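Written below as structure tokens is the structure these notes are about.
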Amino acid sequence: MIGLIKTGKWIARHRVFILIMGVLLLIPSIIGIAKTRINYDLLSYLPENLETVKGQDILVDEYGMGAFSMVVVEGMELKDVQKLEEKFSEVPHVKDVLWYDDVADLSLPAEMLPKDIREVFYNGDATMMLALFDNTTSSDEAMDALTEMRQIADKQCFISGMTGIVTDIKNLCLKELPIYVVIAAALAFLILELTGTSFLVPVFFLLSIGVAIVYNMGSNLFLGQISYITQALTAVLQLGVTMDYSIFLLNSYEENKLRFPGEKDRAMGHAIANTFKSVVGSSVTTVAGFAALCFMTFALGKDLGIVMAKGVIIGVLCCVTLLPALILIFDKPIEKTRHRPLIKNLDKPSAFITKHYKVWIALFVLLLFPAIYGNNHTEIYYNIAQSLPDSLESNVANEELKKEFDMENVHMILMDKNLSAKEKSGMLEEIEKVEGVRWTIGLNSLVGPAVPDTMLPDDIKSMMQSDKYELAFVSSEYASATPEVNTQVASIDKIVKSYDDKALVIGEAPMMKDLQDVTDIDLKVVNAISIIAIFLIIMLVFKSLLLPVILVSVIEFAIFVNMAVPYYQGVSLPFVASIVIGTIQLGATVDYAILMTSRYQKERQRGRGKKEAISIAHKTSMLSIISSGLSFFAATFGVACYSQVDMIGSICTLLARGAIISMCVVILVLPAMFMIFDKPICRLSVGFLGKKGKVEQGSFKQVSKIENGGRQHEK
């Protein structure tokens, strides 16, 4: 502790140097932010050992093709469609465009085409073409190509496919992201003004946290890229999670100013030491919650987990270096802008809550089973397009594709090119009989089974065949991430493997099926790891076997209530929200319970009786818990209301609601738990009652309470 105090005093004395260094470090951080690539394709985070992912790599390596889009053209003459096709073909990174004129002369009436070919390219006055890109779905090249195609196309033309969805997500996020930060900062500022004692302090809190966010985002350069979800949530989460540390530092500084009148550097030195010691302890659970995400096989968890765990650590460091420098440099203006706190104390509400503890336990028992049931039955969706507004170009195009051609998906089959023409035809014929399959198209469909390889047109051959593989397309009338399409993909895969055991079924729907399988397992693994990690941390901190059970149970109950709300609302959640919310809410809000428990333990060690210890712990920590919960709520609620991307909006909604629910549960239920389980807690904890006989109940020094933060200063 002496070493920490010396370090704290050094920081206090060299505050101007600290501030200058803090500003200078923003330069490389901003450069790092600019150079960090943002990945807008969640499917790219699937494990590399999956067949669908391997198939995507084969497409790129063997065919120089990584993605495709279906283009629907309505009410346009064939010669104009042909001109449009030629323009699309000239767009950089469009490898090829497959259309009617690749298989038949335009002078040939559509009615004279074979039925399977006609179904692919025509329906009434609508025609469809397939645009193939030379790079992967979410690559900058593919997105730029699709954007240029949209500029070329007119109102009669609709471009669907995963690349269109990813492009729309990118455009929407680029527009919304700066507004997320402004909304979160503005609402957090409002809460700080209402709960604080100085008009100026919230400005420095937000400046310090803002700098920490910039450092964190800049250091992502070493990761190469981060997902758009991580980029959107980092600032909001870091603001909500690390605000407590700033409040803790200020309260400790105010306390130490009373101990060392007129010695502000010394007071801040002690405040820094106290804050670092306390905040490191409380931040460990938050870091553990985020670190648990790294155990997901779906790599998005690792992406978000690393960035947020790093953000919490950087937030702690800025809290004990940059924030003290700002507070000391601007100490006089801070003093001049002081005001009376809106809420001086909460003694009466606290007394009411602790007195009626049986009511809260009854409420806990009453809500437990509906909460668990709702949590287990909340509907989850995996279709990424569903997370976007229906008015976006990609969703409008998907709707047109469904309306005009009764299709929602195109699967691709990669088979051995050396299979006989009979085997290839037999495979596709069997696939056509699978429920929900609209049509199949392979090389034989385009040129006829009697045409030998040597006679194949070069453009069609290069499009459909490589050195090892041959490509076929399967149209499905089922949407991605539905039980129907998952069953269909499994049936097609079984047929394909019966002809060629190394053949692969790939595309958007097969990848989303894998996404569902992978993340269903991840959800259980991540929740289990986060609970075990935080359980062990609490057990070591309090040297108790029962307290971790109580604290984790209380927060898990809050999580169940939070996750049950969508079920009773009839709302479905995106898969990402269901996976990350449990670990984030547990890691971020268990601190509320730890704060109250620490004070309860302290008072029992001093010799206080059960009721008195619980009453003091509740009374002194209640305001801090409310301030913390409201800050977290403020940082996420505005973004939840504003965001049009449901992946982001749903997570923020759950976090905002989760902060309030956790806050209420800790304030109402936790003291009731202490009342009921006080005896077993004392028995199953090391040194919980202090040294026996050292302090007799009622014989205490006069204690003057400093209510902010629930800490005391002994006279």
Side-chain angles (χ1 to χ4, degrees), residues 39-47 50-60 63 65-72 98 128 130-133 135-139 142-143 145-146 158-170 298 300 381-388 392-402 405-414 431 434 436-441 471-493 496 504-519 574-576 647:
N39 187 350
Y40 296 92
D41 182 11
L42 295 184
L43 295 177
S44 66
Y45 288 100
L46 284 168
L50 295 175
E51 282 193 357
T52 49
V53 178
K54 289 177 181 177
Q56 291 289 327
D57 293 338
I58 290 170
L59 272 181
V60 175
Y63 290 88
M65 176 183 76
F68 64 90
S69 284
M70 286 78 74
V71 183
V72 177
L98 177 63
M128 186 186 72
L130 200 65
L132 310 174
F133 302 108
N135 216 315
T136 53
T137 302
S138 61
S139 65
M143 286 193 283
L146 186 126
F158 305 91
I159 306 171
S160 67
M162 200 64 203
T163 300
I165 293 167
V166 173
T167 304
D168 284 341
I169 290 173
K170 177 182 178 179
F298 185 53
L300 176 67
Y381 72 81
Y382 296 83
N383 191 335
I384 294 167
Q386 196 177 328
S387 71
L388 300 172
L392 288 183
E393 288 186 66
S394 55
N395 278 338
V396 171
N398 287 340
E399 196 58 37
E400 285 296 320
L401 190 66
K402 181 181 178 182
F405 290 91
D406 192 24
M407 60 182 282
E408 297 250 17
N409 258 298
V410 172
H411 316 315
M412 288 183 284
I413 298 168
L414 278 170
I431 291 171
V434 173
V437 170
R438 293 276 296 117
W439 48 256
T440 63
I441 187 169
L471 195 61
F473 296 95
V474 179
S475 166
S476 170
E477 63 185 49
Y478 298 142
S480 295
T482 57
E484 293 83 6
V485 84
N486 290 344
T487 302
Q488 183 188 75
V489 168
S491 300
I492 293 170
D493 188 63
V496 165
L504 303 171
V505 181
I506 60 176
E508 180 186 324
M511 289 188 88
M512 286 195 186
K513 180 179 182 294
D514 282 343
L515 175 69
Q516 185 171 346
D517 295 340
V518 166
T519 52
F575 70 97
V576 172
M647 291 280 182

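Sequence positions, counted from 1, serve as the residue numbers for this chain. Everything quoted here is computed from the prediction, not taken from an experiment. Worth knowing before you read on, the calculation uses all heavy atoms, side chains too, and leaves out hydrogens, waters and symmetry mates.
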With the side chain counted from C-beta on, respond yes when [X] and [Y] share a heavy-atom pair under 4.5 Å apart, and no when they do not.
X: Phe158; Y: Glu399; value: no
X: Leu401; Y: Met128; value: yes
X: Phe298; Y: Leu515; value: yes
X: Tyr40; Y: Ser138; value: no
X: Val518; Y: Pro47; value: yes
X: Phe68; Y: Met412; value: yes
X: Leu130; Y: Val71; value: no
X: Met162; Y: Met511; value: no

*Between the main-chain N or O of Val410 and the side-chain N or O of Ser476, is there a donor-acceptor pair closer than 3.5 Å?*
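Here the side-chain-to-backbone pair does not exist.
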_Exam field: side chain Gln488 to backbone Gly436, donor-acceptor pair closer than 3.5 Å_ = yes
*Could you walk me through whether Leu414 and Tyr63 pass side-chain contact (heavy atoms from CB on, under 4.5 Å), step by step?*
CA-CA 11 Å; Leu414 278 170; Tyr63 290 88; 3.6 Å; yes
Taking salt bridge (Lys or Arg N to Asp or Glu O under 4.0 Å) as the test, write out the residues that go with [X], two or more places apart.
X: Asp168; answer: Arg150
X: Asp493; answer: Lys497
X: Glu508; answer: none
X: Glu400; answer: Lys403

*Kindly determine whether Asp517 and Leu50 satisfy side-chain contact (heavy atoms from CB on, under 4.5 Å), including the steps that lead there.*
CA-CA 11 Å; Asp517 295 340; Leu50 295 175; over 6 Å; no
*Show your reasoning for whether side-chain contact (heavy atoms from CB on, under 4.5 Å) applies to Leu43 and Met512.*
CA-CA 7 Å; Leu43 295 177; Met512 286 195 186; 4.1 Å; yes
*Identify, with sequence neighbours excluded, every residue that meets side chain to side chain contact (heavy atoms under 4.5 Å, CB included) alongside Lys54.*
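Side chain to side chain contact (heavy atoms under 4.5 Å, CB included) check on Lys54 returns nothing, list empty.
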*All pairs passing salt bridge (charged side-chain N to carboxylate O under 4.0 Å, His left out) where residues 474-490 contributes a residue, at least two apart*: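 Sorted pair list comes back empty.
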Hey, could you give me the [atom1]/[atom2] distance between [X] and [Y], rounded to the nearest 0.5 Å?
X: Thr136; Y: Asp57; atom1: OG1; atom2: CG; value: 9.5 Å
X: Ile384; Y: Met647; atom1: CD1; atom2: CE; value: 5.5 Å
X: Thr163; Y: Phe133; atom1: OG1; atom2: CZ; value: 5.0 Å
X: Asn135; Y: Met143; atom1: CG; atom2: CE; value: 10.0 Å
X: Phe575; Y: Gln386; atom1: CZ; atom2: CD; value: 11.5 Å
X: Leu46; Y: Thr519; atom1: CG; atom2: OG1; value: 8.5 Å

*Do Asp41 and Thr137 have side-chain atoms, one donor and one acceptor, less than 3.5 Å apart?*
no
*Under 3.5 Å, is there a donor-acceptor pair between the Asn383 and Ser480 side chains?*
no
Nearest non-hydrogen partners of [X] and [Y], listed with the distance:
X: Ser475; Y: Met407; answer: OG-CB, 3.4 Å
X: Glu408; Y: Tyr478; answer: CB-O, 3.2 Å
X: Lys513; Y: Ala490; answer: CE-CB, 4.4 Å
X: Val434; Y: Ser491; answer: CG1-CB, 4.0 Å
X: Asn395; Y: Ala385; answer: ND2-O, 3.3 Å

*Decide side-chain contact (heavy atoms from CB on, under 4.5 Å) for Ile413 and Leu471; before the verdict, give the C-alpha distance in whole Å, the side-chain angles of both, and the deciding distance to 0.1 Å.*
CA-CA 6 Å; Ile413 298 168; Leu471 195 61; over 6 Å; no
*Name the one of Ile506, Val485, Ile431 that satisfies side-chain contact (heavy atoms from CB on, under 4.5 Å) with His411?*
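That would be Val485; it is the only one of Ile506, Val485, Ile431 passing the side-chain contact (heavy atoms from CB on, under 4.5 Å) with His411.
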